[in-house]
Amino acid sequence: MHRVPPAVSLLRVSKSYGRASTEQHVLVNVDLTIKRGEFIVVLGRSGSGKSTLLNLLGAMDRPTSGHIQIDGTDISGLEEGKRTKFRRTALGFIFQAYNLIPTLSVLENVQLPLALNGIFDDAPALQLLEDLALAHKANAWAEDLSGGEQQRVAIARALVHSPSLILADEPTGNLDIETGREIIHLIDDLARRSGQTLIMATHSQEVIGYADRVLTIRDRKLVEV
Ligand SMILES: Nc1ncnc2c1ncn2[C@@H]1O[C@H](COP(=O)(O)OP(=O)(O)OP(=O)(O)O)[C@@H](O)[C@H]1O
Ligand SMILES: [Mg+2]
């Protein structure tokens, strides 16, 4: 029988910034296993290391020591070109500040991850815009949209290439409570429909209701709440 690797596995992961006398240990010997399709919420006070953790999981930064496996691939060991390819195919990112490209249309923003993978097909982007009730904005400039609309575009962009792991760093941080609730509901719904694993850093207690597991970073460790 084949053993399916966990969606995410962290083995004694540490992350420090700076060196020598100014060295700051943010995460120390963190172990974590996440099953496929789980929705994990990461809490923790400002500066505790939530974004640091997501940057490591997103292969945007490397751990100081330890190993990170995603779907059985050790991303800490990949050389730069392979890491970039891995990010583009296996991961989807949603940020607090949306990070859309203002000079591209909504549709072009959503298509971008597929285009970077050499796929020039409108259909997945149009379908997601439809799912997110944004089809009528497909040809608008991204910068002309409201914050909640921009975050919905960012969700479509994060999902268009069907990543197995979605990383969301305070996706409702810039939104009012009602819009934030709607955004969490949409992310949760789309991820669950596709069996995607979702890891979300947040300050919002409301998100907890959607999560399968809630973790918090305390004293440089990740602990279950
Ligand atoms: N690139 C970096 N260089 C040096 N120090 C960094 C870097 N990134 C983060 N840090 C430090 O690591 C600590 C954790 O930062 P991080 O951004 O992960 O916190 P956070 O939990 O996401 O906080 P917030 O809730 O405010 O977003 C902070 O003390 C921060 O100053
Ligand atoms: Mg942060």
Side-chain angles (χ1 to χ4, degrees), residues 8-34 38-70 75-80 83-84 86-87 91-100 147-148 150-151 154-155 157-158 163 165-177 179-181 183-184 186-188 191 197-225:
V8 175
S9 136
L10 270 68
L11 197 66
R12 296 183 74 76
V13 168
S14 297
K15 179 67 188 176
S16 308
Y17 292 111
R19 43 183 82 219
S21 60
T22 63
E23 192 171 20
Q24 186 191 355
H25 304 286
V26 179
L27 300 172
V28 177
N29 290 338
V30 170
D31 292 311
L32 174 68
T33 305
I34 298 174
E38 269 193 300
F39 179 176
I40 304 285
V41 160
V42 181
L43 303 174
R45 59 175 179 71
S46 181
S48 61
K50 300 181 296 297
S51 297
T52 298
L53 177 70
L54 291 194
N55 288 341
L56 293 173
L57 289 167
M60 295 193 275
D61 202 356
R62 290 177 195 272
T64 308
S65 61
H67 289 280
I68 300 175
Q69 288 196 1
I70 294 176
I75 58 166
S76 19
L78 291 180
E79 51 94 353
E80 212 47 54
R83 279 159 66 84
T84 303
F86 182 83
R87 258 198 312 268
L91 307 179
F93 298 93
I94 304 168
F95 303 96
Q96 176 173 355
Y98 326 128
N99 296 3
L100 301 178
Q150 289 195 42
Q151 195 57 304
I155 294 169
R157 180 187 56 185
L165 175 61
I166 302 159
L167 299 166
D169 196 350
E170 297 193 39
T172 63
N174 287 359
L175 301 171
D176 64 78
I177 289 180
T179 309
R181 209 174 275 151
I183 289 293
I184 299 298
L186 286 167
I187 299 174
D188 177 62
T197 311
L198 173 57
I199 305 177
M200 185 181 294
T202 185
H203 287 286
S204 155
Q205 297 287 325
E206 282 198 57
V207 178
I208 290 173
Y210 289 91
D212 297 311
R213 269 202 289 161
V214 180
L215 308 174
T216 189
I217 302 177
R218 196 179 296 145
D219 299 330
R220 308 183 179 91
K221 299 276 190 200
L222 204 47
V223 290
E224 305 253 353
V225 174

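Ligands are counted one by one from 1 in listed order, and the atoms in each one are counted from 1 as well. These numbers were taken from a predicted model, which means no experiment stands behind them.
- Summary of contacts: the protein heavy atom closest to atom 1 (N) of ligand 1 is Y17 CE2, 3.6 Å.
- Atom numbering of ligand 1 starts at 1 in the shown order; those under 4.0 Å from a heavy atom of V26 are 12 (O), 13 (C), 14 (C).
- Protein heavy atom in closest approach to atom 29 (O) of ligand 1: Q24 NE2, 2.8 Å.
- In this structure, the side chain of K50 engages the main chain of R45 through a donor-acceptor pair within 3.5 Å.
- Among protein heavy atoms, the minimum distance from atom 24 (P) of ligand 1 is reached at S46 OG, 3.7 Å.
- Looking at G44 next to ligand 1, no N or O pair under 3.5 Å apart turns up.
- R220 contributes a side-chain N or O that, together with a main-chain N or O of H25, makes up a donor-acceptor pair within less than 3.5 Å.
- For the side-chain contact (heavy atoms from CB on, under 4.5 Å) criterion with M200, the lone passing option out of I187, D188, V42, I40 is I187.
- Around NE2 of H67, the count of heavy atoms belonging to other residues, nucleotides or ligands within 6.0 Å does not exceed 12.
- Not a single N/O/S atom of S46, whether from backbone or side chain, sits less than 2.8 Å from the Mg ion (ligand 2).
- Nearest protein heavy-atom neighbour of atom 25 (O) of ligand 1: K50 NZ, 2.7 Å.
- Among protein heavy atoms, the minimum distance from atom 15 (O) of ligand 1 is reached at T52 OG1, 3.8 Å.
- Each of the atoms 21 (O) of ligand 1 lies under 4.0 Å from some heavy atom of R45.
- Nearest protein heavy-atom neighbour of atom 17 (O) of ligand 1: S51 CB, 3.7 Å.
- Counting atoms of ligand 1 from 1 in the listed order, those under 4.0 Å from a heavy atom of E170 are 24 (P), 25 (O), 27 (O).
- Under a 3.5 Å cut-off, the side chain of R83 and the backbone N or O of S76 do not form any donor-acceptor pair.
- Side-chain N/O atoms of D176 and T179 include a donor and acceptor closer than 3.5 Å.
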Worked check of side chain to side chain donor-acceptor pair (under 3.5 Å) between Y17 and T64: CA-CA 9 Å; Y17 292 111; T64 308; over 6 Å; no

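- Considering backbone and side-chain N/O atoms, G47 comes within less than 3.5 Å of an N/O atom of ligand 1.
- The environment of CZ in R213 is crowded: more than 12 heavy-atom neighbours from other residues, nucleotides or ligands sit within 6.0 Å.
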